[in-house]
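Worksheet: one structure, shown below.
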Amino acid sequence: MSLATEVADTSTGRWSWHQLRTVVIACSAVAVVIASMAALYTALPQIAVATGANQTQSAWIVDGYTLALACLVLPAGALGDRYGRRLLLIVGLVIFTAASVIPVVSSAVTALIAARAIAGVGAALVMPSTLSIITAEFPENTAGRAIGVWAGFAGSGGLFGLIGSGLLLHWWSWQSIFVGLAVLAAVLAAAGFGLTESRSSTAAGRDPFGALTVIATVGLLVWALIAVGDRGWSDPYILCGFAGSVLAGAAFVTIELRVRRPLLNLRLFARRGFGSGAASITVQFLVTFGMFLIVVQYLQLILGYSPLRAAVAILPMGGALIGLSWVSPHLALRYGLRWPTTAGLVVIAAGLGMMTRLTPSSGYLGVLIPLFVISAGLGLAAAPATTAIMTDTAVDTHGVAAAVNDAAREIGAAVGIAVAGTVLAAGYHSAIAAALPRLPEPARTPVSHSLAATTELAHQAGPRAQPLLDLARTGFLDGMHHTTLVLAVISLVAAVALAFGAPGRPRKVDRQD
């Protein structure tokens, strides 16, 4: 192959074969590790029956992965800068593959939870490596479109996980999900050897205390946000978790401002592009995952969809998101971060506002239109925010910058699920509370817990339980409307803040890190 075909034509934006292969492998890898977060949602009932897992154990089968990933992604980005991003990608995929094999050979609950946590460690190595490999492969003036594609796949990974697991469960057992994840990761690990290695060109310092304190900060915060749905906001353990996160965060800031070569240069957040991009990503994932939590339940519990049908119903979001993520970097190049981000968040808020009017008679079309609107907003805002984070840092620190981008996604998702779950539960409980004293004692706990439990109880009791089921559905819809309104307000407030805080059209400046 000639040198001319190996080098991208920067005037036309045409990618070389090697660059195209890099984008395909990196985007596939990030899609697999993000899909793994959502892939088990549809399989949890089968897993609980097969393994005897209780409600708490079932939750940690999913959340153990998220917690390990969120804790380690920032130190993993620094390791990639130091030792090589391709190396970390391959090692992470190998760990992910090995961990995904464990549930195939052992169905013990403890083994399953441990396997998910180990897979989260592998995912933490993979996620920042994928983005930093892309940005190292492309010149800065042509990287925007590649980052946009990456952002589209990263944003759609959860949808791929839902639909993929639903299809596998249609024909095979829950263990087939782990087989599928292991095979995909193994293939990508082998393909990773064909990528170009990249690392920091300067000697990276070691910051073990910074790594430990950031792990404690993020780990305690994410754990508290995950556990709050089960324990409640006033639980002493939850309050201690938040307090510990604050203390560890204060220690992290103190350390990073004093060490000669910090794990994360906190002064980066003072830059309008980097700080605004991180804030935008956090809010986007907060409202998106909060929305997913309620929409999946609406489709299954109100419209009566099966898990597979519900996953397929949400899938069109991915096409709109990926399509606009291809275009939005050009808007950011012309108008800067401010207007695509602000417009995207306003569009997201509009879609969430439309969901406040959903009723049982709205049907699928009533859900599909708001989903398209929200996905259009994400397509406008996601890629420019990620591009701002990466282009506002030097190439030598792109691993850490990518890790900040990924950590913002994880923390935003955890906050969104906690907020949406709390508001939804409050609305449901306020509607159902008056009926609880009139119910038999054994029925009060499941009815007060959720609409899903009430629906199951009503099916067992027959037609006489229909009034109770109608009341529970009304309570769920009230909670859902309140939740979407809260998420819409959060999105609008962020849009206003970023309209003033995000940078406009970028100018050529020399970056000093």
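Here the structure is a predicted model, which is why all the values come from computation and not from measurement.
With contacts defined as side-chain heavy-atom distances shorter than 4.5 Å, the pair L131/V30 does not qualify. Between L125 and F96, every side-chain heavy-atom pair lies at or beyond the 4.5 Å cut-off. For the pair P128 and R85, the minimum side-chain heavy-atom distance is 4.5 Å or more. By the 4.5 Å heavy-atom criterion applied to side chains, M480 and L424 are counted as neighbours. When side chains are defined from C-beta on, L167 counts as touching I163, because their heavy atoms get closer than 4.5 Å. For the pair S276 and P503, the minimum side-chain heavy-atom distance is below 4.5 Å. Two residues are said to be in side-chain contact when any heavy atoms from C-beta on lie closer than 4.5 Å; I314 and V296 meet this criterion. Using a 4.5 Å cut-off on side-chain heavy atoms (C-beta onward), L487 and I348 make no contact.
A191 approaches I25 most closely through the heavy-atom pair O-CD1, 3.5 Å. The two atoms that bring A502 and R272 nearest to each other are O-NH2, 3.0 Å, heavy atoms only. A385 and I281 make their closest contact through CB-CG1, 3.8 Å (heavy atoms, listed as atom of the first residue, atom of the second, distance). For the pair V23 and A146, the tightest heavy-atom approach, listed with the atom from each and the gap, is CG2-CB, 4.1 Å. Between A278 and I389, the shortest heavy-atom contact is N-CD1, 3.6 Å. The heavy-atom pair separating L72 from P75 by the smallest distance is O-CD, 3.3 Å.
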Next on the checklist: Run the side-chain hydrogen bond (donor to acceptor under 3.5 Å, both in side chains) test on S280 and Q284 for me, step by step, so that the C-alpha distance in whole Å, both residues' side-chain angles and the decisive distance to 0.1 Å come before the verdict.
Outcome noted: CA-CA 6 Å; S280 177; Q284 290 172 45; 2.6 Å; yes
Next on the checklist: Using the rule given for side chain to side chain contact (heavy atoms under 4.5 Å, CB included), can you reason through M127 versus I34, listing the C-alpha separation, both sets of side-chain angles and the distance that settles it, and then say yes or no?
Outcome noted: CA-CA 9 Å; M127 281 194 71; I34 292 180; 4.0 Å; yes
Next on the checklist: With side chain to side chain contact (heavy atoms under 4.5 Å, CB included) as the criterion, how do T386 and R409 come out once you've worked through the C-alpha distance, each side chain's angles and the decisive distance to 0.1 Å?
Outcome noted: CA-CA 11 Å; T386 296; R409 291 168 180 265; 3.5 Å; yes
Item to check | Test side chain to side chain contact (heavy atoms under 4.5 Å, CB included) applied to Y298 and L358, step by step | outcome: CA-CA 9 Å; Y298 174 84; L358 288 178; 4.2 Å; yes
Item to check | side chain to side chain contact (heavy atoms under 4.5 Å, CB included) assessment of V295 paired with V367 | outcome: CA-CA 8 Å; V295 167; V367 180; 4.1 Å; yes
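Summarising the geometry, atom CD1 belonging to I47 is positioned 5.0 Å from atom CG belonging to L40; distances are rounded to the nearest 0.5 Å. The distance from atom CG of L87 to atom CZ of F193, rounded to the nearest 0.5 Å, is 9.0 Å. Note that CH2 of W339 is 11.0 Å distant from OG1 of T341, once rounded to the nearest 0.5 Å. Separating the OG1 atom in T196 from the CZ atom in R86 is a distance of 8.0 Å, to the nearest 0.5 Å. Atom CG of L89 sits about 8.0 Å away from atom CG of L188, to the nearest 0.5 Å. How far CD1 of I411 is from OG1 of T66: 12.5 Å, rounded to the nearest 0.5 Å.
The side chain to side chain contact (heavy atoms under 4.5 Å, CB included) test with M355 singles out one residue from L371, V373, T483, and that residue is L371.
Between the side chain of Y364 and the backbone N or O of L299, no donor-acceptor pair lies under 3.5 Å. A side-chain donor-acceptor contact under 3.5 Å links S375 to the backbone of F372. A distance-only check finds no donor-acceptor pair linking the side chain of T130 to the backbone of C27 [under 3.5 Å]. The closest donor-acceptor contact from the side chain of R116 to the backbone of I61 lies under 3.5 Å. Checking side-chain atoms of S165 against main-chain N and O of G161 turns up a donor-acceptor pair under 3.5 Å.
In this pair, F269 and F274 present their aromatic rings perpendicular. The plane angle is above 60°, beyond the 30 to 60° band. The aromatic rings of F292 and F289 sit perpendicular, their planes meeting at an angle over 60°, well past the 30° parallel limit.
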Donor-acceptor contacts under 3.5 Å from residues 212-226 side chains, at least two apart:
{"residue": "T213", "atom": "OG1", "partner": "F209", "partner atom": "O", "Å": "2.8"}
{"residue": "T213", "atom": "OG1", "partner": "G210", "partner atom": "O", "Å": "3.1"}
{"residue": "T217", "atom": "OG1", "partner": "T213", "partner atom": "O", "Å": "2.7"}
{"residue": "T217", "atom": "OG1", "partner": "A248", "partner atom": "O", "Å": "3.3"}
{"residue": "T217", "atom": "OG1", "partner": "G249", "partner atom": "N", "Å": "3.0"}

Please tabulate, for the side chains in residues 169-184, all donor-acceptor contacts under 3.5 angstrom to protein atoms that are two or more places apart in sequence or on a different chain.
{"residue": "S173", "atom": "OG", "partner": "Q175", "partner atom": "N", "Å": "3.4"}
{"residue": "Q175", "atom": "NE2", "partner": "P103", "partner atom": "O", "Å": "3.0"}
{"residue": "S176", "atom": "OG", "partner": "S173", "partner atom": "O", "Å": "2.6"}

